[in-house]
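Everything on this sheet refers to the single structure shown next.
Throughout, residue positions are numbered sequentially from 1 according to the sequence presented.
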Amino acid sequence: MTGIKGVPGENEERYSTLVNNAAAVRAICSAVEGTLGPKGLDTMLVGQQGDVIITNDGVTILEKMDVTHPAARLMIQVARSQQRQIGDGTTTATVLAGALVQEGVAQVTRGVPVAKVVSGMQTGIELAAASLRERSRAVQGLDDRELYRIAYTAGREQADIAKLVIQAAEAVGEAKLREEGYRFADSVLSHEEASSEVWTGILLGQKPANLHAALERRDARVLVLQDALEPEAVSEESLVTEAGFQRYMQLREQFRSSLGKLLELGVGLIASDRGVDPEAEQFCSDHGILVLQRVSRRDLLQLSEHTGARPVRRTALRKSAPELGDALGRAGHAAYDERLERVRVAQGHGEAYVTVIVGAATREAAHERSRIAKDAASAVQAAVRGGYLPGGGAAEMAVAHDLERMRETMKGMEGFGVAAVAGALRKPLSQIVVNAGYNPLEKVEELKAAQIAHGSDRLGIDCDTGQIADFLDAGIVDPTDVKIHALQAAGEVAAAVLRIHTVIKMKTLGEE
């Protein structure tokens, strides 16, 4: 009898690390899952100095949380990956990862080998991603009604933000949204002094060095310097010699001559990533040329792309006027906005750019609205690229049923991993229903039966009434890529957590 009783104890010790890690993952998920869905609430984050952040953004909550458990930190990687690759769906990705860990632990503790569970989960995620892709609907142009609904849903049902994002998408064009490397969300800018608007150009985050110069230029040529706007330097050792001083004076004279060349070429805006010589600053002020110094690399890149300018070093100023002119960009409008303390540039002869300016009464409110607008912009771009699906967990429910049917035909213990994925896919709907105040067991089964009876993934649970509704007719849709990447990122982290057998503290540097 003693030997028999010892088996459960051995099992408990065997799975202690796994159970402990799962509990830490569960604690992380509980911090964000209450924000999921249209009835989700906000989370208040309180800092040590009394600073407060109120948000429903999953990645913000996870990034700001004081997390020490190593397995819990893996969960933060899910949100980071989702935010970096897609820009939306961080909460869904976190909830899915937690559900996959929970379902996987349940299979392991009943005796299924971890390797079989993980292998089956990987297979299940591949099958689920393929099913989601097959069910995806393509966006029919930027005037597609569903695109606004996607922006409205991702924008926390703030109609003004959804309209701004769609207006900006139409301004930048479908080709730009599909362009590899272009992040539509980066065009969102917040300011507590601003009125919300879509600016068909770029805003540079620096004040002109010569604020007293003309504040606006029309049809201006643009010089982008990856250098300082100043004469070439002479070493201090050389300056104390006559030859060195003569060289210094010669370089200054060449520099003055090059400034006159800029005036001849009609340059109206100069952006430099370093400092500006006082004489150059005064010259530009006298002739109404806007000068920006220490411009960020990102702003220089956008200015170059929008105006068609080719960044040059200051040695290029010694070239002939026609040669230097070939490197200049052109902008129909360049002006300093005193309220925003930024320089507006528009009507560039290069690539089209758009800026979504989100205003609010306070800095904190502006930051939160900007975050929401970025989510909406990311969702719109994802939908343009990869299509959309019924939202609210409806598509995941249909895919879960597909996996269950596949599971019935599978041989081997990997089928338990596929079943774990099917169970996890029901978690988003279950949590949305809980946040809306309904019984998740009842509603999940009710929806499952309805989808099977009608053979459709369009059906979901209306969070206002608790009744079955056609989500496509209701405009409750999500981008396909958001769902697929969330599932894949969640699967990677869940597999990592399940594979951890032992946690060992490393010795500190210098210990023997």
Nearest heavy-atom neighbours spanning Ala162 and Tyr148: CB-CE1, 3.6 Å
Any donor-acceptor N/O pair, Ser119 side chain to Ala115 backbone, under 3.5 Å: no
Member of Val482, Asp375, Ile484 meeting the side-chain contact (heavy atoms from CB on, under 4.5 Å) criterion with Ile86: Val482
Heavy-atom check, side chain of Val380 versus side chain of Leu147, under 4.5 Å: yes
Backbone N/O of Arg330 and side chain of His349: donor-acceptor pair under 3.5 Å: no
Taking every non-hydrogen atom, the tightest pair across Ala185 and Ala377: CA-CB, 3.9 Å
Flag if over 12 foreign heavy atoms under 6.0 Å of CG, Asp66: no
Residues in side-chain contact (heavy atoms from CB on, under 4.5 Å) contact with Ala93, at least two apart in sequence or another chain: Val78, Gln82, Ala486
Greater than 12 external heavy atoms within 6.0 Å of Arg499's CZ: no
Worked check of salt bridge (charged side-chain N to carboxylate O under 4.0 Å, His left out) between Arg339 and Glu197: CA-CA 14 Å; Arg339 173 177 289 186; Glu197 64 170 299; over 6 Å; no
Closest contact, heavy atoms only, Val224 versus Ala309: CG2-CB, 3.8 Å
Min side-chain heavy-atom separation Thr43-Val32 under 4.5 Å: no
Within-4.5 Å side-chain heavy-atom neighbours: Ile468 and Ile461: yes
Minimum heavy-atom distance Val139-Ala383, with the two atoms named: CG2-O, 3.3 Å
Backbone N/O of Leu459 and side chain of Gln451: donor-acceptor pair under 3.5 Å: yes
Close side-chain approach of Val444 to Met397, heavy-atom, < 4.5 Å: yes
Any His69 side-chain heavy atom under 4.5 Å of Asn21 side chain: yes
Which residues share a side-chain contact (heavy atoms from CB on, under 4.5 Å) with Asp457, sequence neighbours left out: Arg135, Arg137, Pro390, Ala398
Check against salt bridge (charged side-chain N to carboxylate O under 4.0 Å, His left out), Arg133 and Asp481: CA-CA 8 Å; Arg133 186 67 69 192; Asp481 286 350; 3.0 Å; yes
Point-to-point distance, once rounded to the nearest 0.5 Å, from CD1 of Ile161 to NZ of Lys163: 12.5 Å
Step-by-step side chain to side chain contact (heavy atoms under 4.5 Å, CB included) determination, Arg298 to Leu301: CA-CA 5 Å; Arg298 175 179 175 273; Leu301 176 62; 5.8 Å; no
Option from Ile357, Leu189, Thr355 for which side-chain contact (heavy atoms from CB on, under 4.5 Å) with Arg342 holds: Leu189
Rounded distance [0.5 Å steps], CD in Gln488 versus NZ in Lys483: 14.0 Å
Aromatic Phe184 / basic Lys176 pairing, under 6.0 angstrom, 45° off normal: no
Met121 side chain near Leu498 side chain, heavy-atom distance below 4.5 Å: yes
Donor-acceptor pair, side chain of Thr480 and main chain of Tyr388, under 3.5 angstrom: yes
Spacing of Leu340 atom CG and Leu204 atom CG [to the nearest 0.5 Å]: 12.0 Å
Any donor-acceptor pair under 3.5 Å from Ser131 side chain to Leu127 backbone: no
Reported CG-to-NE2 distance for the pair Leu132 and His485, which is rounded to 0.5 angstrom: 14.0 Å
Stepwise salt bridge (charged side-chain N to carboxylate O under 4.0 Å, His left out) check, Lys443 with Glu446: CA-CA 5 Å; Lys443 294 303 177 183; Glu446 184 179 343; 3.4 Å; yes
Minimum heavy-atom distance Pro479-Ile150, with the two atoms named: CG-CG2, 3.9 Å
Flag side-chain contact, heavy atom, 4.5 Å: Glu396 against Val399: no
Side-chain donor or acceptor of Gln107 paired with backbone N/O of Lys116 under 3.5 Å: no
Ionic contact status for Arg385 with Glu180, cut-off 4.0 Å: no
4.5 Å side-chain heavy-atom contact, Thr307 and Leu269: no
Expected output: side-chain Thr94 to main-chain Thr90 donor-acceptor under 3.5 Å: yes
Short N-O contact, Arg407 and Glu404, less than 4.0 angstrom: no
Any donor-acceptor pair under 3.5 Å from Ser430 side chain to Arg426 backbone: no
His306 side chain to Glu351 backbone, donor-acceptor under 3.5 Å: yes
From CA spacing to verdict: side chain to side chain contact (heavy atoms under 4.5 Å, CB included), Leu177, Leu142: CA-CA 10 Å; Leu177 292 173; Leu142 297 181; 3.8 Å; yes
Considering all heavy atoms, the nearest Thr200-Ala171 contact: CG2-CB, 3.9 Å
Salt bridge (charged side-chain N to carboxylate O under 4.0 Å, His left out) assessment of Glu368 paired with Arg371: CA-CA 5 Å; Glu368 181 65 8; Arg371 197 273 307 162; 2.7 Å; yes
From Ile28 atom CD1 to Ile61 atom CD1, the distance as rounded to the nearest 0.5 Å: 10.5 Å
N/O donor-acceptor pair under 3.5 Å between Lys39 side chain and Asn435 backbone: no
Contacts of type side-chain contact (heavy atoms from CB on, under 4.5 Å), residue Asp42, not counting sequence neighbours: Ile54, Asn56
Gap between atom CZ of Arg369 and atom CG of Asp160 - 0.5 Å precision: 4.5 Å
